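Worksheet: the structure to be examined is printed underneath.
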Amino acid sequence: MPFVNAGEASEAGRHAQSHMQTLMEMLFKLAEAAALRNKDEPEPKAADKTLQDAEPSLSDSLESHVERDALHDSVSRLSDGKGEGLVYRAEGFSVFRHTETMGTTYQVTTPDGEPLLTFEQVGNDLYLIEDRLSLELKQDLLAAGERLQTSDLASVLHHPNPKVVMTTMGEAAPAGTRAAWVTQQMLQGRNSFTPDHSNFQFDRDTCGNLSVTDRTNQQVLLYMTPSGQVTCTMNVEQLEQFKPAFNRLQSYETQQAAAKGVGQAAQSSKGSKTVQLALER
């Protein structure tokens, strides 16, 4: 059916219509030819598909290089100016540095010494040898490095409240940060405390310094100044013993804050007395 009445269409209009119909016919023929060509071509083998899928894109390659450089930056900032061997001991990992003639090797391990991340730096060239970091540790390590771009290590690590350091750095916080916060909570309102069935003794001296002592040999395992500087010599097993206490105290603190909020809101309502009695129970 023509698009316009033949009696009303101009010669130019008929020419345009004929041109459009010819163009449409050509497009349909090209589409049919492409369909036949695709039908005749053999399907790619499974191995070929696997190789195509496995081939990294340019964006993937750039992203991996950016992450590699960011991780190296974080590790080097944590170990800045600390010599050789064990250069940083965190709650969730340890950092080692070894310098040889060919270059410098950085290694991140679990607290028990299992390798997680290894870099080799030769001149300006950086090589990622191994990356087995969990997502949680990687996020904490990258966040710590980003924080240290604008602040020096001492100002980030030293805080009167160890929980602030733990919240800021996560598993990248210095080893003993959890234990220091637990010690603060244990000594609220008292200068000495020895839990039942525990090898630890918690003390506060007249200057406000906190300490944790091993009762079996009287060795000081942790020492914290009022400014927040923590010195910790606990082994991996001893540090692990503070994790459940940290989690329980943190949960209790959250519950208390929630209860306090409920109590404050209830005081401004007509049923304040009923709510307060329920909280007291």
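Note that the structure is a prediction, hence the values are computed from the model and not measured.
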Is any side-chain heavy atom of Pro174 closer than 4.5 Å to a side-chain heavy atom of Thr177?
-> yes
Name every donor-acceptor pair, under 3.5 Å, that has one atom in a side chain of residues 126-134 and the other anywhere in the protein, sequence neighbours excluded.
unit_1, atom_1, unit_2, atom_2, d
Asp131, OD1, Leu133, N, 3.3
Asp131, OD2, Lys138, NZ, 2.9
Arg132, NH1, Pro115, O, 2.7
Arg132, NH2, Glu114, OE2, 2.8
Ser134, OG, Leu137, N, 3.2

Under the side-chain hydrogen bond (donor to acceptor under 3.5 Å, both in side chains) rule, collect the residues that match up with Thr216, sequence neighbours excluded.
-> Asp214
Please report the closest heavy-atom contact between Ser74 and Leu141, naming both atoms and the distance.
-> OG-O, 3.1 Å
Beyond-backbone contact of Val220 with Thr213, side-chain heavy atoms, under 4.5 angstrom | yes
Could you give all pairs that pass the ring-ring contact (aromatic ring centres under 6.0 Å, His included) test and reach residues 75-96, with sequence neighbours left out?
-> none
Measure across Leu222 and Ala180 and return the closest heavy-atom pair with its distance rounded to 0.1 Å.
-> CD1-N, 3.9 Å
Here the pair of heavy atoms bringing Gly92 nearest to Pro111 is O-CD, 3.4 Å
Under the salt bridge (Lys or Arg N to Asp or Glu O under 4.0 Å) rule, collect the residues that match up with Lys243, sequence neighbours excluded.
-> Glu240
Rounded to the nearest 0.5 Å, how far apart are OG1 of Thr231 and CG of Asn209?
-> 10.0 Å
Locate the shortest heavy-atom distance separating Cys232 from Leu239; write the atom from each residue and the value.
-> SG-CD2, 4.0 Å
Leu157 side, atom CG; Leu78 side, atom CG - distance, nearest 0.5 Å = 8.0 Å
Check the hydrophobic clustering (I, L, V, M, F, W, Y; side-chain heavy atoms under 4.5 Å; chains of links allowed) and say if Val182 and Tyr223 are grouped together.
-> no
Is there a chain of hydrophobic side chains (I, L, V, M, F, W, Y, each step under 4.5 Å between heavy atoms) that links Met224 to Val164?
-> no
Separation between CG (Leu210) and CG (Asp203), nearest 0.5 Å, reads 9.5 Å
Do Leu153 and Lys82 have side chains that get closer than 4.5 Å, going by heavy atoms?
-> yes
Gap between atom CD of Gln201 and atom OG of Ser211 - 0.5 Å precision | 7.5 Å
Chi angles and distances behind the side chain to side chain donor-acceptor pair (under 3.5 Å) call for Glu253, Gln250 = CA-CA 5 Å; Glu253 188 181 69; Gln250 190 175 36; over 6 Å; no
Who are the ring-ring contact (aromatic ring centres under 6.0 Å, His included) partners of His72, not counting sequence neighbours?
-> Tyr106, Phe119
Partners meeting side-chain contact (heavy atoms from CB on, under 4.5 Å) with Glu84 (sequence neighbours left out) = Arg97, His98, Thr99
Who pairs with Arg204 by salt bridge (Lys or Arg N to Asp or Glu O under 4.0 Å), at least two apart in sequence or on another chain?
-> none
Determine which pairs satisfy ring-ring contact (aromatic ring centres under 6.0 Å, His included) with at least one residue from residues 165-201, sequence neighbours left out, and list them in order.
-> Trp181-Phe246, Phe200-Phe242
About how many Å separate CD of Glu120 and OG1 of Thr105, when rounded to the nearest 0.5 Å?
-> 4.5 Å
Quick one: side-chain contact (heavy atoms from CB on, under 4.5 Å) partners of Thr167, sequence neighbours excluded?
-> Lys163
For residues 173-182, pull every pair meeting salt bridge (Lys or Arg N to Asp or Glu O under 4.0 Å), keeping only residues two or more places apart or in separate chains.
-> Glu91-Arg178, Glu171-Arg178
Quick one: ring-ring contact (aromatic ring centres under 6.0 Å, His included) pairs with a partner in residues 134-168, sequence neighbours left out?
-> none
Below 4.5 Å, heavy atoms only, C-beta onward: do Met169 and Asp140 meet side chain to side chain?
-> no
Is the backbone N or O of Gln229 less than 3.5 Å from a side-chain atom of Thr225, with the two atoms forming a donor-acceptor pair by type?
-> yes
Interatomic distance, Asp152 atom CG to Arg147 atom CZ [nearest 0.5 angstrom] = 10.5 Å
Closest approach of Ala179 and Met234, non-hydrogen atoms and distance?
-> CB-CE, 4.0 Å
Is the closest side-chain donor-acceptor distance between Gln107 and Thr118 under 3.5 Å?
-> yes
Arg215 to Pro195 - nearest heavy-atom pair and separation = NH1-O, 3.9 Å
Residue pair Val165 / Val156, side-chain heavy-atom distance below 4.5 Å | no
Using the test salt bridge (Lys or Arg N to Asp or Glu O under 4.0 Å), find all partners of Asp80 that sit at least two apart in sequence or belong to another chain.
-> none
Val108 and Val95: side chain to side chain contact (heavy atoms under 4.5 Å, CB included), yes or no, with the steps?
-> CA-CA 5 Å; Val108 177; Val95 179; 4.3 Å; yes
Donor on one side chain, acceptor on other, Gln238 and Gln241, under 3.5 Å = no
Answer yes or no: are there more than 12 heavy-atom neighbours, outside Gln149 itself, under 6.0 Å from its atom CD?
-> yes
